[in-house]
Amino acid sequence: MPMLSPTSRGQLSQAVLDALRSGGTSLLDDAPEPDNTEDAQLALWTMYEQHHGGFDDISDDLEWDPHVLGVRRRLEQDFEQTLRQRAPQAPEPGDFAETFFDFVADHEGPSLSAHVHRSATEAQVREFLRHKSIYHLKESDHTTWVVPRLSGPVKAAVMELQYDEYGAGNPNRLHATMFADGLHASDLESAYGAYINEAPVEILEQNNVMSMFGLNRRLRAASLGFLAAFETTSSVPSRRIAQGLDRLGFPPEMIEYYTEHVEADAVHEQLAVRTICGVLIEEEPALYDDVYFGAWTSMDLEDRYAHRMLEEWAA
Ligand SMILES: [Fe+2]
Ligand SMILES: [Fe+2]
């Protein structure tokens, strides 16, 4: 299935899509303001996607087009500023791992995994899987962008984690491939990006923040903090989701993606917190606040998605 560019959600995303599809990118120097957050986030997602798999209806030559990058930069700055304004102060430095695990444990947010575990309907879970496919089908790729920007010890630890995420040498065991197999077995579309037009703004924000942190060297600590919080909040929810999928009779391939993450992420969280972020902070103490900024962003954006879906499903 070809990967086609998405449907616009406002005048800015329309202008970006028109420019990219036609190649007439100089028009973007007078690009309109976004109509709203969703319009801005879809425009940003489309531009970031050029650095991932790209689109069949957009020329690869435009990946580093200066007019496109100008719009991207403006949207990134607004997005980063919004996130930084929302983020709390980092906790007082102490034992890094202990402080970090407490920070994550003390965070309170709505739980989608508890809903999936006990009471979600099959239709709700299928919607959840379609939304999550936007990330899981390119799982971990954003972290790979950070690798060349790290010292030897941190790089080695990130690669140990990434080796697992990419299947440890087995092409059937890449987490992204396992998710695709799960979708396929569940009679859902497993082609990357197939469900972008129904992705809510919170899903676009989650995906965009990962790309933004990964593609900007100065945000490398935020990217690794994001990773550490993501891994730390994955193992227990993955078990709940696996049990929920089992309760609803989903196929074993879909369940296996989540059971794989129960074990794997219990290991990954230790690696990400102690050997990745802990060592990074020892080497570069000035990056401390950004590790927490990234960690908080990971939890906050998942809360926002959970909040939206629980409200929609309750209605
Ligand atoms: Fe994974
Ligand atoms: Fe993981």
Side-chain angles (χ1 to χ4, degrees), residues 52-53 97 100-101 104-105 107 112-113 116 128-147 150 154-186 188 190 192 203 206-207 209-211 213-214 220 222-245 250 252-280 291 294-295 297-299 301-302 305:
H52 281 282
F100 190 92
F101 284 125
V104 172
H107 182 89
L112 264 189
S113 64
V116 170
F128 169 80
L129 295 171
R130 293 196 301 273
H131 291 163
K132 289 293 178 179
S133 71
I134 306 300
Y135 172 61
H136 290 316
L137 293 175
K138 60 176 176 192
E139 186 161 320
S140 298
D141 287 343
H142 62 108
T143 305
T144 306
W145 280 326
V146 184
V147 173
L150 304 172
V154 181
K155 187 181 278 178
V158 171
M159 288 311 295
E160 187 181 344
L161 195 156
Q162 294 294 83
Y163 186 66
D164 270 1
E165 300 284 351
Y166 288 145
N170 180 346
N172 301 316
R173 300 297 293 181
L174 274 82
H175 291 180
T177 304
M178 293 175 72
F179 197 81
D181 291 344
L183 290 174
H184 182 74
S186 307
L188 288 163
S190 61
Y192 175 70
I203 289 288
Q206 277 184 331
N207 280 270
V209 84
M210 291 186 252
S211 296
F213 289 166
R220 63 197 179 281
S223 182
L224 298 181
F226 187 102
L227 170 72
F230 194 94
E231 297 290 351
T232 304
T233 54
S234 169
S235 181
V236 173
S238 291
R239 175 176 286 120
R240 291 192 190 126
I241 293 169
Q243 288 169 343
L245 291 169
F250 274 81
E253 291 89 340
M254 196 72 254
I255 297 170
E256 198 187 349
Y257 169 85
Y258 287 97
T259 49
E260 169 75 17
H261 283 80
V262 176
E263 294 273 321
D265 288 347
V267 176
H268 291 171
E269 68 179 43
Q270 297 297 324
L271 197 54
V273 174
R274 295 176 194 278
T275 324
I276 294 174
C277 290
V279 174
L280 180 78
V291 167
T297 301
S298 168
M299 296 188 289
L301 292 179
E302 183 58 22
Y305 173 64

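Remember, it's 1-based here, ligands and their atoms both numbered in the order they're listed.
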* Looking at V279, V158, V273, which hits side chain to side chain contact (heavy atoms under 4.5 Å, CB included) with L224? ->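 Option passing the side chain to side chain contact (heavy atoms under 4.5 Å, CB included) with L224: V158.
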* **the Fe ion (ligand 2) reached by E231 (N, O or S, under 2.8 Å)** =>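 So E231 counts as coordinating the Fe ion (ligand 2), yes.
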* Examine all N, O or S atoms of H268, backbone included, and report whether one is under 2.8 Å from the Fe ion (ligand 2). =>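 Short answer: yes, at least one N, O or S atom is under the cut-off.
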* Could you tell me which N, O or S atom of D265 is nearest to the Fe ion (ligand 2)? =>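 Result for D265 and the Fe ion (ligand 2): OD1.
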* Asked: Name of the E165 N, O or S atom nearest the Fe ion (ligand 2)?
  ->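 This turns out to be OE2.
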* May I ask you to check whether H261 brings an N, O or S atom to under 2.8 Å from the Fe ion (ligand 1)? =>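 Yes, within the cut-off.
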* Nearest to the Fe ion (ligand 1) - the N/O/S atom of E139, by atom name ->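 The closest N, O or S atom of E139 to the Fe ion (ligand 1) is OE2.
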* Can you tell me the N, O or S atom of H175 that's nearest the Fe ion (ligand 1)? ->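 In H175, the N, O or S atom with the shortest distance to the Fe ion (ligand 1) is ND1.
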* State whether R173 and E139 are salt-bridged, where the test is any N-O pair (Lys NZ or Arg NE/NH1/NH2 against Asp/Glu carboxylate O) under 4.0 Å. =>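 Salt bridge between R173 and E139, a charged N being under 4.0 Å from a carboxylate O: no.
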* Could you label the plane-to-plane angle of the Y257 and H136 rings as parallel, tilted or perpendicular, counting under 30° as parallel and over 60° as perpendicular? =>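 Because their plane-to-plane angle lies in the 30° to 60° range, the rings of Y257 and H136 count as tilted.
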* To do: Give a yes or no on whether the ring-centroid distance for F230 and Y135 is below 6.0 angstrom.
  =>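 Between Y135 and F230, which both carry aromatic rings, the centre distance is below 6.0 Å.
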* Close aromatic pair by centroid cut-off 6.0 Å: F179 and H175 ->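 No, the ring centres sit 6.0 Å or more apart.
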* So with a 6.0 Å cut-off around NE2 of H107, is the heavy-atom count from everything else above 12? ->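 Result for NE2/H107: enclosed.
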